[in-house]
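Quick notes on the structure that follows.
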Amino acid sequence: MPIPLLDLKQQYATIRDEVLRVTGEVYDSQYFILGPRVDAFERDFAAYCQSRHSVAVSSGTDALLIALMVLGVGPGDEVIVPAYSFFATAGVVDRLGATPVFADIDLADYNLDPKQIETRITSCTKAIMPVHLYGQCAAMDEINRIAAKHNLAVVEDAAQAVGSEYGGRRAGVLGTMAAFSFFPSKNLGAFGDAGAVTCEDDATYEKLIDFRVHGMRPKYYHRYVGGNFRIDALQAAILHVKLPHLEGWTEGRRKNAERYAELFADANLDGRIVLPRELTGRRHIYNQYIIRFADGGTRDGVMNHLKSAGIGCEVYYPLTLPQQECFTDVPSAGDPFPNSDLAAATTLAIPVFPELTKDQMAEVVREIGKALDETRNQKPETRT
Ligand SMILES: *Cc1c(COP(=O)(O)O)cnc(C)c1O
């Protein structure tokens, strides 16, 4: 039986009745944009994130974009972002006419390395945008200390990190604002595109509310140029149904990560594979379970083997952000980012979704072991 990277149908089967009931209510009400269902979801989502406010929006990308718009980021400004992330992290900076300034990551958590930040700060720097990649928070104490010293805003890209914790505090309260994605493959997924911004500050919250509807307050009076960043009532209703299940799903992923650690230890693949590590004081929510190989040849060989064995796996991400064609003209894109390059060339995501069975996980590990033996036999010269 094939093992997918993610199987949302199993999860849906457990909440199907509830989802059909609330979506039926939305259809009957014919009330589709913002409104009480969005308010109710925002209240509970803010509580889940331990934050004072949340503003639900049209996508995770729009959550990042609106956060930067509220900060007034624009032409001439610089925002420091990790060189290794999903495209949107740097894309939103560029779209506002500002310049993304890339900084290398730490391979311990694949997140922005605080030691790489300070040399990149100039008089144009407006914000630092750490990403909690794969579901583990970045080194927020160090990043916030640097931001405070230089009077910079911190926007958490928490798209993959709903429920992730740092020093007992949740993603969403670790910076000035945080952006979440409810893309279906994220731990809390909508039935389409959706996202949210969290913040503590009341004035920031009011601005987010205004920017979501073209900078408008009251109706047809525009103080700012915002956009249409509204979430559908339908998506909010579905997310509201799913939210109480999120902790259980996250615990399922965490248990699976523990089980992988045992299975890989038993498989004796020492030195040939690096497993994800939950760092002290952090709670990893394993939106992705990322393993790293000795070199790119090994990674691609294992990936091909797994795919032909029917095991879902994926490279997140094959290129670093500075390697993207559209960023060729970004000044920092020519700098060396050795850790980001290594991550892009040697990492692989394997299935970790909560419904995965013990047997399936054992099969994944067995096939990776087989693949490693195959690639070793084929290309002994590439071993390091
Ligand atoms: C998913 C993701 C986004 C974008 O979210 P969308 O909802 O797809 O727009 C941004 N940053 C990171 C790190 C992501 O993983």
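Counting from 1, the numbers follow the sequence of the chain as shown. For ligands, and for the atoms within them, numbers begin at 1 and follow the listed sequence. Since the model is a prediction, treat every value here as computed from it, not as a measurement.
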Stacked cation flag R272 on F293, 6.0 angstrom / 45 deg:
no

Of the non-hydrogen atoms in T89 and M129, which two are nearest, and what is the gap between them?
O-CE, 2.7 Å

Contact table, ligand 1 N/O with protein N/O, distance under 3.5 Å:
from: ligand 1; atom 1: 5 (O); to: S181; atom 2: OG; distance (Å): 3.3
from: ligand 1; atom 1: 7 (O); to: G60; atom 2: N; distance (Å): 2.8
from: ligand 1; atom 1: 7 (O); to: S181; atom 2: OG; distance (Å): 2.6
from: ligand 1; atom 1: 9 (O); to: G60; atom 2: N; distance (Å): 3.4
from: ligand 1; atom 1: 9 (O); to: T61; atom 2: N; distance (Å): 2.8
from: ligand 1; atom 1: 9 (O); to: T61; atom 2: OG1; distance (Å): 2.5
from: ligand 1; atom 1: 11 (N); to: D157; atom 2: OD1; distance (Å): 3.3
from: ligand 1; atom 1: 11 (N); to: D157; atom 2: OD2; distance (Å): 2.8
from: ligand 1; atom 1: 15 (O); to: Q160; atom 2: NE2; distance (Å): 2.7
from: ligand 1; atom 1: 15 (O); to: K186; atom 2: NZ; distance (Å): 3.0

Are M1 and E363 close enough that some pair of their side-chain heavy atoms sits under 4.5 Å apart?
no

Aromatic plane relationship, Y317 with F86 - under 30° parallel, 30 to 60° tilted, over 60° perpendicular:
tilted

D109 and side chain to side chain donor-acceptor pair (under 3.5 Å): which partner among Q136, R282, R277?
R282

Taking the six-membered ring for Trp, is the centroid-to-centroid distance between F32 and Y27 below 6.0 Å?
no

